[in-house]
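The structure's right below; bear with me while I get my questions together.
Order of listing sets the numbers, starting from 1, for every ligand and every atom in it.
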Amino acid sequence: MDSSLRSDDSRSRRLSAGYAEAWRAANPGGVVTYRDLAADPLPHLDGTAFAAGITPEDARDEAQRAAWALTAQVAGEVRDADVIVLGMGLYNFGVPSTVKAWVDRIVAPGITVGEDGSGLLGGRTLVLALASGGGYAPGTPRHGWDHREPWLRHAFEFLGLTDVVTASAELTLARESPAMIPLDLGDAEDASFAAAQEALAAHARGTVAGAA
Ligand SMILES: Cc1cc2nc3c(=O)[nH]c(=O)nc-3n(C[C@H](O)[C@H](O)[C@H](O)COP(=O)(O)O)c2cc1C
């Protein structure tokens with residue numbers, strides 16, 4: 001899955017595509033399902049869609065049935081995957097809003113959440129292929145400002161998924177941002193991207209699964 005609003009210049013799209021390529025090579029018979037949250041954004045969860053999730057199937061009205069069909073499709077994709085690969089940039093220190101809309105959809109009673117409230121996504125792996133304009137590593141002034149992974153870890157742990165793999169291409173604005181150019185970071189951007197790319201490929205090569 002991708003969520004970058006950019007296309008050719010997107011680092012996270014390159015990272016997620018690299019993961020998929022390596023995974024396909026390691027899993028020739030595997031099935032890959034692709035969703036582009038930027039090109040085809042999901043509607044925000046509204047009252048009808050939320051009500052559909054907590055209304056028994058035979059009691060849903062027509063609008064709720066339509067809303068549930070989309071929820072079931074999107075949540076079903078996640079349930080049916082062994083590995084969920086999510087490419088995204090850092091937008092205002094958090095996930096793109098399209099990713100939030102996706103998460104609100106996949107918290108789906110009967111599909112990803114059991115009757116007793118337990119998460120049903122145990123055994124799956126979430127791979128985060130991240131890009132950010134700045135740097136947020138330990139020791140940097142804005143360490144802790146990147147809220148993507150911490151939030152996603154909690155959201156997915158609620159759904160029973162605890163295996164989260166993260167690779168991040170940082171400093172992608174090092175040569176573009178007027179605030180960053182004077183820092184003269186040299187090839188730090190390229191080194192960060194290459195390290196993330198290699199880490200993801202190594203993980204994908206080691207993953208033998210049925211669906212991603
Ligand atoms: C709307 C928007 C908000 C952004 N906010 C941040 C930010 O808070 N911190 C940051 O380091 N970079 C920020 N960036 C830069 C992106 O994270 C960076 O360009 C990244 O490479 C985007 O991912 P992509 O290369 O896959 O498109 C922002 C970019 C956009 C378009």
When Ile, Leu, Val, Met, Phe, Trp and Tyr are grouped by side-chain heavy atoms lying under 4.5 Å apart, directly or through other members, which residues fall in the same group as Tyr91?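 Members other than Tyr91 - counting any ILVMFWY side chain reachable under 4.5 Å - are Leu5.
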Residue and atom name of the nearest protein heavy atom (relative to atom 26 (O) of ligand 1), distance in Å to one decimal: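 Scanning the protein heavy atoms, the shortest distance from atom 26 (O) of ligand 1 goes to Ser12 OG, 2.5 Å.
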Could you tell me which non-hydrogen atom of Ala131 sits nearest to which non-hydrogen atom of Arg148, and how far apart they are?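 Minimum heavy-atom separation between Ala131 and Arg148: O-NH1, 2.8 Å.
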Looking at every heavy atom in both Arg142 and Phe93, which two are closest together, and how far apart are they? NH1-CZ, 4.1 Å
Options Thr172, Leu90, Asp146, ranked by nearest heavy atom to atom 14 (N) of ligand 1, top entry: Leu90
For atom 27 (O) of ligand 1, which protein heavy atom lies nearest, and how many Å away is it? Ser4 OG, 2.6 Å
Tell me the protein heavy atom at minimum distance from atom 22 (C) of ligand 1, and give that distance in Å. Gly89 CA, 3.7 Å
Return the residue, atom name and 0.1 Å-rounded distance of the protein heavy atom closest to atom 12 (N) of ligand 1. Gly133 N, 3.2 Å
Does one side chain, of Arg105 or Thr71, offer a donor that lies under 3.5 Å from an acceptor on the other? yes
Note: ligand 1 atoms sitting under 4.0 Å from heavy atoms of Leu173 are 15 (C), 19 (O)
Verify whether one side chain among Glu149 and Thr166 offers a donor that lies under 3.5 Å from an acceptor in the other.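 Note: Glu149 and Thr166 side chains meet the donor-acceptor criterion.
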May I have the list of side-chain donor-acceptor pairs in residues 179-196 shorter than 3.5 Å, sequence neighbours left out?
residue, atom, partner, partner atom, Å
Glu189, OE1, Arg175, NH1, 3.1
Glu189, OE2, Arg11, NH2, 2.5
Asp190, OD1, Arg175, NH1, 3.4
Asp190, OD2, Arg175, NH2, 2.6
Ser192, OG, Ser168, O, 3.4
Ser192, OG, Glu170, N, 2.7

Main-chain N/O of Ala137 paired with Thr140 side-chain donor or acceptor, under 3.5 Å: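 Here the side-chain-to-backbone pair exists.
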Considering distance alone, does some N or O of Gly134 sit under 3.5 Å from an N or O of ligand 1? yes
Quick one: nearest non-hydrogen protein atom to atom 8 (O) of ligand 1, plus distance?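 Nearest protein contact, heavy atoms only, for atom 8 (O) of ligand 1 is Phe93 N, 3.0 Å.
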What residue and atom, counting heavy atoms only, is the protein's closest point to atom 5 (N) of ligand 1, and at what distance?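 Among all protein heavy atoms, the one nearest atom 5 (N) of ligand 1 is Asn92 N, 2.8 Å.
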Does even one non-hydrogen atom of Tyr136 get within less than 4.0 Å of ligand 1?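 Yes, Tyr136 has heavy atoms under 4.0 Å from ligand 1.
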Which residue and atom name correspond to the protein heavy atom nearest atom 2 (C) of ligand 1, and how close is it? Tyr91 CD2, 3.6 Å
Is it the case that the side chains of Ser4 and Asp2 hold a donor-acceptor pair, with the cut-off being a distance below 3.5 Å and no angle test?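 Note: Asp2 and Ser4 side chains miss the donor-acceptor criterion.
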